[in-house]
Structure formats: structure tokens, C-alpha cells
Amino acid sequence: MKLILLGAPGAGKGTQAQFIRERFGIPQISTGDMLRAAVKAGTPLGVAAKKVMDAGGLVSDEIIIGLVSDRLRQDDCQSGYLFDGFPRTLPQAEAMKAAGVALDYVLEIDVADSEIIERMSGRRVHPASGRTYHVRFNPPKAAGKDDVTNEDLIQRDDDQEETVRKRLQVYHSQTKPLLEYYSTWAASGDPRAPKCRKIAGVGGVDDIRKAAFDALQ
């Protein structure tokens with residue numbers, strides 16, 4: 001099982017990625033993790049990436065695709081792999097195709113922006129313990145207070161509504177072209193093209209998991 005998992009921030013990709021990894025016995029490929037590992041190991045690509053990062057630049061798609069190709073040659077990828085958060089852009093998708101990275105599916109978890117905003121902007125955190133609440137789905141016993149210590153809860157900067165809206169704008173501007181790219185490729189009849197599937201990311205976690213597994217038949 002070789003797939004790309006797409007979905008907006010807060011759509012529940014992390015939860016479903018864990019189920020998919022366990023179901024198919026495949027690793028999750030994170031470009032951030034790969035970068036850190038390559039830099040730590042001092043590989044040629046890691047050294048090149050560290051130079052760019054130390055200078056405050058963005059690591060090129062060429063280096064990222066090189067890291068991905070190296071990672072996919074490792075033993076744990078023989079049964080497949082799951083990409084979450086990559087590719088992010090059209091040039092990265094095209095570079096993956098040019099490098100011959102095999103894909104079976106592109107699975108999109110679809111959640112309306114209004115639902116995402118409610119999910120994320122309603123989160124509250126107790127900084128000292130990391131306990132999390134939600135004003136609607138998992139409220140504290142006393143509004144704005146931690147259940148255990150009665151200390152104030154905070155809203156993280158990432159969960160501010162304005163921040164969430166900006167992240168959604170970036171997601172839509174980058175991901176819509178990706179969905180069109182893979183749909184067009186699939187429709188071309190190319191046997192190498194992945195199948196494109198979309199599931200609703202609302203409802204119970206088990207229902208969404210079943211929909212994901214059904215889509216990946």
C-alpha cells in the first residue's frame with residue numbers, strides 16, 4: 001500500500017494515518033523527520049540541506065526528492081509507505097513522478113472550513129500539564145479552568161481563528177492544484193497513476209476509519 005494522505009490542518013489526518021499504518025504495516029514518511037535524520041547522520045544530502053537551513057533558506061525540492069528516494073529504499077518501505085504532508089506543491093508532485101515514486105492511492109479527508117475552524121479555535125490547553133479541552137466537545141468543569149489544578153487554560157497561537165483561516169488559505173491554494181493534478185493523471189489511463197479517493201472527515205473516528213479502509217480496497 002503506497003499512498004498520499006491529503007487533508008486540511010485539523011481534518012484528522014494524524015489519527016487516520018495511525019490506523020492506516022497499523023492496518024497495512026507501513027511507515028509514515030515525514031519530510032521533516034527525514035531532514036533531521038539526514039542532517040544528524042551527516043549524509044551528503046543532509047550536509048547540503050544543513051547549509052541551506054543554516055543560511056535561513058528553504059531546502060530545495062531536488063534535495064527533498066533525493067531524501068525521499070533514499071528513504072524509500074530502506075527495508076521498512078518494502079510493503080509500502082504513507083506520505084502525510086508531502087507533496088505540498090505541484091513542482092514536488094511532478095518531481096515525485098519524474099523520480100518514479102510508485103503510488104497506489106491519493107486519499108483526501110474532506111472537512112468543511114467552518115468545521116475545521118470550530119475544531120481548532122475551540123481548543124484550550126493547560127500549559128503546565130498539556131491537558132487539552134474543547135469549549136464545545138470536551139469542556140472543562142469550570143469555564144476556562146483546568147479540571148485538576150483550577151489554573152487558567154490558554155488558547156495557543158496556532159489555534160487562534162485568524163491563524164487557522166490563514167493556514168486553510170495556504171492549504172487550499174497549494175492542495176487544490178495537487179488534487180487536480182492527480183485526478184487528471186488518473187483519468188489519462190496511465191497504469192502508473194494512483195487512484196484518487198475522497199472520504200468525509202466528519203462523524204465518529206471509527207466511521208471515518210471504516211470509510212478510509214473501504215476507499216483503499
Side-chain angles (χ1 to χ4, degrees), residues 3-22 26-36 53 58-59 61 64 67-68 71 81-93 95-96 103 105-127 130-139 153-183 194 196-213 215-216:
L3 77 150
I4 294 170
L5 189 60
L6 294 174
K13 291 194 306 300
T15 302
Q16 296 306 320
Q18 188 174 342
F19 292 143
I20 292 168
R21 287 200 331 260
E22 290 169 358
I26 56 176
Q28 187 167 343
I29 306 296
S30 156
T31 51
D33 290 347
M34 283 189 304
L35 265 175
R36 286 186 286 274
M53 290 189 291
L58 285 172
V59 178
D61 289 346
I64 295 289
L67 287 170
V68 167
R71 178 70 182 86
Y81 36 80
L82 183 155
F83 286 106
D84 174 14
F86 184 85
R88 287 187 188 277
T89 63
L90 212 47
Q92 288 177 348
M96 278 179 76
L103 291 169
Y105 287 96
V106 174
L107 178 64
E108 179 193 2
I109 300 178
D110 183 42
V111 181
D113 285 4
S114 57
E115 173 78 14
I116 297 275
I117 290 164
E118 182 176 21
R119 282 183 191 181
M120 297 183 75
S121 64
R123 287 178 186 161
R124 298 294 183 270
V125 180
H126 178 239
R131 279 185 289 274
T132 58
Y133 301 86
H134 193 282
V135 295
R136 180 182 161 200
F137 305 119
N138 178 34
L153 301 176
I154 65 160
Q155 184 183 39
R156 289 181 300 213
D157 290 344
D158 273 0
D159 293 335
Q160 301 275 355
E161 183 172 336
E162 186 182 350
T163 307
V164 176
R165 286 185 183 278
K166 283 179 181 169
R167 290 175 69 193
L168 285 169
Q169 281 178 351
V170 171
Y171 174 75
H172 289 305
S173 67
Q174 291 184 346
T175 306
K176 193 170 183 186
L178 280 180
L179 293 169
E180 288 173 358
Y181 174 81
Y182 284 114
S183 296
C196 296
R197 299 285 185 266
K198 176 160 83 169
I199 62 167
V202 291
V205 171
D206 290 344
D207 294 335
I208 301 168
R209 175 179 59 184
K210 182 180 185 305
F213 289 169
L216 299 174

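Numbers for residues simply follow the sequence, beginning at 1.
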Closer than 4.0 angstrom, basic N to acidic O: yes or no for Arg197 and Glu108?
no

Take Leu6 and Val106 through the test side-chain contact (heavy atoms from CB on, under 4.5 Å) and record every step on the way to the result.
CA-CA 7 Å; Leu6 294 174; Val106 174; 3.7 Å; yes

What do the steps show when you test Val111 against Arg119 for side-chain contact (heavy atoms from CB on, under 4.5 Å), and what is the final call?
CA-CA 11 Å; Val111 181; Arg119 282 183 191 181; 4.2 Å; yes

Between Arg21 and Gln28, does any side-chain donor sit less than 3.5 Å from a side-chain acceptor?
yes

When rounded to the nearest 0.5 Å, the distance separating CG of Asn138 from CZ of Arg124 is 12.5 Å

Considering non-hydrogen atoms only, spot the tightest contact between Pro91 and Asp61 and give its length.
CB-OD2, 3.6 Å

Looking at CD1 of Ile154 and CG of Asp159, how far apart are the two atoms once the value is rounded to the nearest 0.5 Å?
9.0 Å

Look at the aromatic rings of His134 and Phe137 and report parallel, tilted or perpendicular, splitting at 30° and 60°.
tilted

Which pair of heavy atoms, one from Phe213 and one from Phe19, lies closest together, and at what distance?
CZ-O, 3.7 Å

Please evaluate residues Gln155 and Arg123 with respect to the criterion side-chain contact (heavy atoms from CB on, under 4.5 Å), reporting the C-alpha separation (whole Å), side-chain torsions for both, the decisive distance (0.1 Å), and the verdict.
CA-CA 7 Å; Gln155 184 183 39; Arg123 287 178 186 161; over 6 Å; no

Nearest heavy-atom approach of Leu5 to Ala17 is CD2-CB, 3.9 Å

Distance from Ser30 atom OG to Arg71 atom CZ, nearest 0.5 Å?
10.0 Å

Separation between CZ (Phe83) and CE (Met96), nearest 0.5 Å, reads 4.0 Å

For Ile116 and Ala8, the nearest pair of non-hydrogen atoms, with its separation, is CD1-CB, 4.1 Å

Residue list, ring-ring contact (aromatic ring centres under 6.0 Å, His included) with Tyr182, at least two apart or on another chain
none

Take Asp84 and Ile4 through the test side-chain contact (heavy atoms from CB on, under 4.5 Å) and record every step on the way to the result.
CA-CA 6 Å; Asp84 174 14; Ile4 294 170; over 6 Å; no

Residues Gly203 and Ile208: closest non-hydrogen pair is O-CD1, 3.8 Å

